[in-house]
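Presented below is the structure to which this report refers.
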Amino acid sequence: MAEAKTKRILGIDPGLAHTGFGIVDTCKGKIRLVSYGVIETSAEEEHHLRLLAIYNRLLAVIKEFEPDEAEMETLYFARNVTSAMAVAEAKGVITLCLAQCNIPVFSYTPNKIKSSVTGTASADKETVERCVQLLLKLKEPPHPDHAADALAGAITHCHSVI
């Protein structure tokens, strides 16, 4: 009988100023926290250098943790077109980085992620953070919220592939 393989999932919450990442391992329906954090860029940096920084820092995370698959939340319509464009550009850079590393990318809507981790699509950020804390058996909710959102996406992907 073959031994069950642990799968490492990288969840990503894309953004120009803050790109959250969360890494979990899943095996036989169990999910374990590996790491999480946020890639930050400054508005004072030139735009193209901010995108390059996201790429380089994400590449370092990928090299360190060697994920098997990635999850990135789908973009939703934003009222602020400027910020939506910046997030879309960050998402493009992230997608390129993952493609160059041969990591398959899966996407879920914000409502699917909320529903998956909390049981309701109308959950607020604090509820998502508390549910991520419970699901990963953490002493406190993961912060900042960009990292918690990335972990919620990774957990959603784990639930979707079980």
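Everything quoted here is computed from the prediction, not taken from an experiment.
- Met72 places a side-chain heavy atom less than 4.5 Å from the side chain of Pro14.
- Note that NE2 of His146 and CD of Glu40 are 8.0 Å apart. Values are rounded to the nearest 0.5 Å.
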Inset, instruction - Given side-chain contact (heavy atoms from CB on, under 4.5 Å), test Leu136 with Val24 step by step and report yes or no. - result: CA-CA 9 Å; Leu136 295 177; Val24 298; 4.2 Å; yes
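- The shortest distance between side-chain heavy atoms of Leu51 and Leu16 falls below 4.5 Å.
- At least one donor-acceptor pair under 3.5 Å links the side chain of Thr118 to the backbone N or O of Lys114.
- Between the side chains of Ser122 and Thr120, at least one donor N or O sits under 3.5 Å from an acceptor N or O.
- With rounding to the nearest 0.5 angstrom, the CD atom of Glu126 is 12.0 Å from the SG atom of Cys131.
- The pair Asp25-Arg8 meets the salt-bridge criterion, since a charged nitrogen lies less than 4.0 angstrom from a carboxylate oxygen.
- With a 4.5 Å cut-off on side-chain heavy atoms, Asp149 and Val128 count as touching.
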Legend entry - Worked check of side-chain contact (heavy atoms from CB on, under 4.5 Å) between Thr74 and Tyr108: CA-CA 6 Å; Thr74 59; Tyr108 304 96; 6.0 Å; no
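- Here the NE2-CD distance, from His48 to Glu46, works out to 4.5 Å after rounding to the nearest 0.5 Å.
- Leu10 places none of its side-chain heavy atoms less than 4.5 Å from the side chain of Ile103.
- Hydrophobic clustering (ILVMFWY, side-chain heavy atoms < 4.5 Å, transitive): Ile9 and Ile23 are in distinct clusters.
- Cluster annotation: Ile94 and Ile39 are assigned to the same hydrophobic cluster (Ile/Leu/Val/Met/Phe/Trp/Tyr, side-chain heavy-atom contacts under 4.5 Å, transitive).
- In this structure a side-chain-to-backbone donor-acceptor pair under 3.5 Å is missing from Asp145 to Ala148.
- Side-chain atoms of Glu45 come within 3.5 Å of backbone N or O of Ser42 as a donor-acceptor pair.
- You'll find the side chain of Ile12 reaches within 4.5 Å of the side chain of Leu98, heavy atoms only.
- Atom CD of Gln133 and atom CD of Glu140 lie 7.5 Å apart (nearest 0.5 Å).
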Inset, instruction - May I have the step-by-step check of side-chain contact (heavy atoms from CB on, under 4.5 Å) for Asn111 and Ser115, ending in yes or no? - result: CA-CA 6 Å; Asn111 285 349; Ser115 180; 6.0 Å; no
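- Within a 6.0 Å radius of CD in Gln100, more than 12 heavy atoms belonging to other residues, nucleotides or ligands are found.
- The hydrophobic cluster containing Phe65 also contains Val105, counting ILVMFWY residues as joined when their side-chain heavy atoms lie under 4.5 angstrom apart, directly or transitively.
- To the nearest 0.5 angstrom, Ser107 atom OG is 10.0 Å from His157 atom NE2.
- Between Leu58 and Thr19, the closest side-chain pair of non-hydrogen atoms is not below 4.5 Å.
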Inset, instruction - Decide yes or no on side-chain contact (heavy atoms from CB on, under 4.5 Å) for Ser160 and Phe106, but give the supporting numbers first. - result: CA-CA 10 Å; Ser160 297; Phe106 298 85; over 6 Å; no
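- Hydrophobic clustering (side-chain heavy atoms under 4.5 Å, transitive across Ile, Leu, Val, Met, Phe, Trp, Tyr) keeps Val34 apart from Leu151.
- When the side chains of ILVMFWY residues are joined at heavy-atom separations under 4.5 Å, either directly or via intervening members, Val132 and Leu134 end up in two distinct hydrophobic clusters.
- The shortest distance between side-chain heavy atoms of Thr109 and Glu73 does not fall below 4.5 Å.
- Within the 4.5 Å cutoff, the side chain of Thr6 has no heavy atoms near those of the Arg32 side chain.
- Note: Ile54 CD1 to His18 NE2 = 10.5 Å, rounded to the nearest 0.5 Å.
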